[in-house]
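Some notes on the structure that comes next.
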4 protein chains.
Amino acid sequence: MPKDTFFNLPDDKRERIIEAAIDEFAQRSFHDARVTAITNQAEIAKGSFYQYFEDKKDLFKHIIEIAVGKKIEYVNQDMMQNMQDYGFFQLLRELYLSGVRFAKEHPRLVAIGMQLLSNQELYYEVFGTHAEKSYAFYEDLLRKGMADGELDPAIDIVLASRLLTMFNYALVDFVYEDGKVDLDDMAIIDKMLYIVENGIKRR
Amino acid sequence: MPKDTFFNLPDDKRERIIEAAIDEFAQRSFHDARVTAITNQAEIAKGSFYQYFEDKKDLFKHIIEIAVGKKIEYVNQDMMQNMQDYGFFQLLRELYLSGVRFAKEHPRLVAIGMQLLSNQELYYEVFGTHAEKSYAFYEDLLRKGMADGELDPAIDIVLASRLLTMFNYALVDFVYEDGKVDLDDMAIIDKMLYIVENGIKRR
Amino acid sequence: MPKDTFFNLPDDKRERIIEAAIDEFAQRSFHDARVTAITNQAEIAKGSFYQYFEDKKDLFKHIIEIAVGKKIEYVNQDMMQNMQDYGFFQLLRELYLSGVRFAKEHPRLVAIGMQLLSNQELYYEVFGTHAEKSYAFYEDLLRKGMADGELDPAIDIVLASRLLTMFNYALVDFVYEDGKVDLDDMAIIDKMLYIVENGIKRR
Amino acid sequence: MPKDTFFNLPDDKRERIIEAAIDEFAQRSFHDARVTAITNQAEIAKGSFYQYFEDKKDLFKHIIEIAVGKKIEYVNQDMMQNMQDYGFFQLLRELYLSGVRFAKEHPRLVAIGMQLLSNQELYYEVFGTHAEKSYAFYEDLLRKGMADGELDPAIDIVLASRLLTMFNYALVDFVYEDGKVDLDDMAIIDKMLYIVENGIKRR
DNA sequence: TATGAATGAGGATTCATTCAT
DNA sequence: CATGAATGAATCCTCATTCAT
């Protein structure tokens with residue numbers, strides 16, 4: 001958690017630091033990332049860095065928090081708050097859609113997230129035991145879909161939640177790599193949902 | 001490529017080094033991994049390391065080769081060599097099964113592979129442009145399955161190949177994390193294939 | 001080129017570093033010279049070294065620049081700027097004299113220069129293609145002397161320029177080795193010039 | 001001094017080692033030169049090296065001895081043994097000539113010699129106090145020339161001996177650099193002697 | 001609070017020399 | 001005597017973090 005001094009900073013300086021940090025962490029793993037590169041790009045003194053943050057990890061965690069926050073902004077809040085009014089596949093589509101939009105607009109944050117995923121130690125330090133939260137979310141969704149009779153009762157909910165998560169990654173990955181190419185992202189999502197739907201819906 | 005001196009080493013010493021390297025590379029990214037940690041754990045002199053390997057990267061590439069070699073051992077070679085005799089879903093099952101067996105027995109190698117995936121630069125240096133090979137393999141499989149009339153003609157082959165790859169990761173991930181829990185892995189694979197099959201088979 | 005941090009250093013610390021570097025480079029070839037020896041003698045932290053200089057070579061180049069600068073201080077600037085007003089042998093005497101004075105007072109810089117002379121690669125890296133400048137200078141001087149009718153028209157200018165350069169080295173060498181013995185340096189120069197003059201003057 | 005084992009070696013192996021050593025020492029300063037490079041090029045085991053030589057310096061000294069020996073071969077032995085029958089300038093010409101021939105044919109040995117010249121510490125260790133021997137030789141020559149009335153009585157013998165030495169270096173240097181160009185070396189020597197003769201002969 | 005110099009632990013790599021076979 | 005693996009001291013350099021102003 002950054003120190004108060006950081007939050008008292010003029011907006012533009014604070015943003016310059018965040019920008020620089022995102023740049024650096026997107027390009028290099030946490031350990032490889034250099035405080036010096038960040039302070040240079042942000043044009044702040046090296047000493048100042050340690051007046052704003054406890055240490056490198058402190059900043060990193062803050063960047064992750066920002067990423068998580070930004071990610072949440074992308075899901076249709078109205079839809080999330082009135083989940084009961086929507087069908088399972090509608091909600092799933094919305095979730096995937098928001099994931100794609102996010103990845104398109106914040107590719108560096110996605111890169112940082114992927115890095116983090118492949119560093120267990122750091123991952124648990126950042127998210128604690130809340131690691132499974134995202135699975136839990138999909139599990140709830142699946143349970144509701146099943147209760148509503150939309151899903152094939154034979155499927156294993158825990159497994160399916162993993163798959164839906166992975167599908168999300170697959171999509172993000174797909175869009176991320178081809179970021180430059182202006183694919184019709186909607187089309188991809190729908191092709192994917194076509195498969196998913198056939199895979200798990202009730203017949 | 002390690003030097004001859006390495007291959008001339010007594011088996012147990014060579015294995016101690018490999019073990020130590022796998023341990024270190026499984027825990028830290030390539031850059032973070034320390035030659036010193038490896039030589040310490042393997043109980044060899046730091047100088048010896050450089051008589052066996054060109055440099056840290058040389059060892060890393062060797063470890064990757066070992067991992068790839070081990071991975072290949074796990075797939076049913078008979079089945080792979082007579083692919084035309086098997087149905088699409090049979091082959092897929094075999095592939096996933098081998099992936100799971102491998103991950104169960106070599107979780108550290110899996111960890112190293114995941115690390116590598118998230119380091120583009122290194123990845124290309126290790127695999128050259130053969131990067132897309134695994135996608136290509138699934139694409140071929142899907143094309144054959146479609147030609148044989150096993151698959152829904154409406155699905156997008158490129159996208160599906162990504163999904164099948166991701167499913168593989170999902171499985172690996174599943175098994176990897178819950179490695180300690182003695183799940184009935186067969187059951188998981190079959191549950192997953194149930195979904196996949198419904199998702200893409202011809203009706 | 002040293003970093004700004006170096007030039008911002010308090011004078012005495014900066015000088016301590018320069019002193020230590022001159023000591024080390026005078027005793028060992030560039031490659032043999034140890035950064036550690038310099039930081040130890042200068043009593044600065046090893047890390048500080050790299051805040052002042054890009055690397056060892058950066059410091060070395062700086063030392064060479066200092067030496068060249070110091071060397072130039074020793075020639076009679078008035079005489080050099082009004083060369084046309086002086087005779088060939090007067091100018092030559094002045095040049096040799098400055099060379100001797102310089103060597104007497106900065107024997108370590110002379111040693112460094114000699115080292116550099118015997119390392120082609122480094123030499124070109126430090127001086128670029130200006131390598132032949134010193135020969136060229138003597139050639140110009142000789143050409144002028146010949147045009148003014150002071151020199152024997154039979155002598156080969158290119159060869160003579162080499163000889164004059166060598167004479168300079170001879171003198172430096174002479175003074176350098178016997179540095180402690182308080183010879184009458186003027187006398188030596190004049191004895192040498194007596195020979196040179198007889199060797200090349202017009203009769 | 002190499003060990004007996006070295007001298008008992010079959011000729012071709014011994015020569016391979018000498019060749020490799022000359023190559024390495026000609027390219028790098030004593031300290032930079034690598035025993036490994038020598039054993040590799042000579043195709044002997046690293047361990048063998050230390051059965052032939054005490055250490056790196058031992059080999060180096062031997063190479064220098066070889067160079068000195070070779071150098072001596074190049075001077076007209078008949079002339080040297082009957083010095084009293086020849087004039088000063090005749091002898092000088094012969095000396096320079098041999099120097100040039102040597103440099104033309106053994107450029108690597110010359111390079112090693114020059115390296116050595118610029119490493120005081122090593123120089124004294126190799127030559128001990130015999131350092132001035134070459135000066136002494138020229139001094140004797142000059143004294144004889146003066147006694148015979150060939151030289152200007154006004155010149156300083158000590159100084160002149162240094163100059164003659166330097167002239168030798170100048171010649172070697174000249175020929176060494178332009179090694180490839182097939183200059184008429186005789187012509188150069190004579191042009192130089194023309195200057196030298198005018199510089200110091202009796203009038 | 002801002003600054004940027006100072007620090008030193010830590011990392012990769014090289015290489016002369018020793019040693020066991 | 002030949003071999004070549006083993007050794008570890010030594011070297012350059014990086015970088016997070018501390019500290020004094």
Side-chain angles (χ1 to χ4, degrees), chain A residues 3-6 8-10 13 30-40 43-59, chain B residues 3-6 8-10 13 28 31-39 43-59, chain C residues 3-6 8-10 13 31-39 43-59, chain D residues 3-6 8-10 13 31-40 43-59:
Chain A
K3 305 180 184 175
D4 286 344
T5 49
F6 178 63
N8 295 335
L9 244 33
K13 184 186 266 197
F30 172 72
H31 197 139
D32 290 3
R34 298 149 305 170
V35 170
T36 306
I38 295 170
T39 57
N40 281 353
E43 291 182 308
I44 62 166
K46 240 200 324 235
S48 301
F49 185 94
Y50 290 88
Q51 297 213 278
Y52 307 148
F53 309 101
E54 214 63 64
D55 54 20
K56 187 164 68 157
K57 196 174 285 166
D58 189 26
L59 167 57
Chain B
K3 303 181 187 175
D4 285 346
T5 49
F6 178 65
N8 296 334
L9 242 36
K13 184 187 268 197
R28 318 174 86 104
H31 192 173
D32 291 359
R34 297 149 305 166
V35 170
T36 306
I38 295 169
T39 58
E43 290 182 306
I44 61 168
K46 210 157 9 170
S48 301
F49 183 93
Y50 290 91
Q51 291 213 287
Y52 307 148
F53 309 101
E54 215 65 65
D55 52 20
K56 187 166 67 160
K57 195 175 284 169
D58 189 25
L59 167 57
Chain C
K3 303 181 187 176
D4 286 346
T5 48
F6 179 64
N8 295 336
L9 243 37
K13 182 186 269 198
H31 193 171
D32 293 359
R34 298 150 306 167
V35 170
T36 306
I38 295 171
T39 57
E43 291 182 306
I44 60 168
K46 216 172 339 188
S48 299
F49 183 93
Y50 290 91
Q51 290 212 288
Y52 307 148
F53 309 102
E54 215 64 66
D55 52 21
K56 187 166 68 159
K57 194 174 285 168
D58 189 26
L59 167 57
Chain D
K3 304 180 185 176
D4 286 345
T5 50
F6 179 63
N8 294 335
L9 244 33
K13 184 186 267 196
H31 197 138
D32 290 2
R34 296 149 307 170
V35 169
T36 305
I38 294 170
T39 58
N40 280 353
E43 290 181 308
I44 61 167
K46 224 164 20 204
S48 302
F49 185 94
Y50 289 89
Q51 298 212 279
Y52 307 148
F53 308 102
E54 216 61 66
D55 54 20
K56 187 164 69 157
K57 196 175 284 168
D58 189 26
L59 167 57

Along nucleotides 12-21 of chain F, 5' to 3', which nucleotides get a B, which get an S, and which get a -, given that the test is a protein heavy-atom distance under 4.0 Å? SBBSSBB---
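Within 4.0 Å (heavy atoms only), A/Phe6 reaches no atom of the nucleic acid at all. Residue contacts for A/Tyr52: at a heavy-atom cut-off of 4.0 Å it reaches the sugar-phosphate backbone alone, with no base atom in range.
Listed here is the closest heavy atom pair of C/Lys46 and C/Thr36: NZ-OG1, 3.9 Å. The minimum heavy-atom distance linking A/Leu9 with A/Lys13 is given by the pair CG-CD, 3.7 Å.
For A/Lys13, the side-chain atoms get nearest to E/dA2 when compared with the rest of E/dT1, F/dT3, E/dA2.
Taking atom CG of D/Asp4 as the reference point, atom C1' of F/dC1 lies 13 Å away to the nearest angstrom. Counting to the nearest Å, the P atom of E/dG4 and the CG atom of C/Leu9 are 15 Å from each other. Rounded to a whole Å, the CD1 atom of B/Ile44 is 14 Å from the C1' atom of E/dT13. In this structure, B/Glu43 places its CD atom 14 Å from C1' of F/dA6, rounding to the nearest Å. When rounded to the nearest whole Å, the span between CG of B/Asn8 and C1' of F/dG4 equals 10 Å.
A search for side-chain hydrogen bond (donor to acceptor under 3.5 Å, both in side chains) contacts involving C/Lys3 returns nothing, not counting sequence neighbours. Residues passing the ring pair (Phe, Tyr, Trp, His ring centres under 6.0 Å) test with D/Phe49 are D/Phe53, sequence neighbours excluded. Partners of C/Lys57 by salt bridge (charged side-chain N to carboxylate O under 4.0 Å, His left out), not counting sequence neighbours, listed by chain and number: C/Glu125. Partners of A/Ala45 according to the side chain to side chain contact (heavy atoms under 4.5 Å, CB included) rule, which considers only residues two or more places apart in sequence or in another chain, are A/Ser48.
Between A/Asp58 and A/Asp55, the closest side-chain pair of non-hydrogen atoms falls below 4.5 Å. For the pair C/Val35 and C/Tyr50, the minimum side-chain heavy-atom distance is below 4.5 Å.
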Let me check I have this right: for DNA chain E, each base becomes ., (, ), [, ] or |, based on Watson-Crick or G-U pairs with both distances under 3.5 Å. What is the full string? .||||||||||||||||||||
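For the atom pair C/His31 NE2 and D/His31 NE2, the distance stands at 8.0 Å (nearest 0.5 Å).
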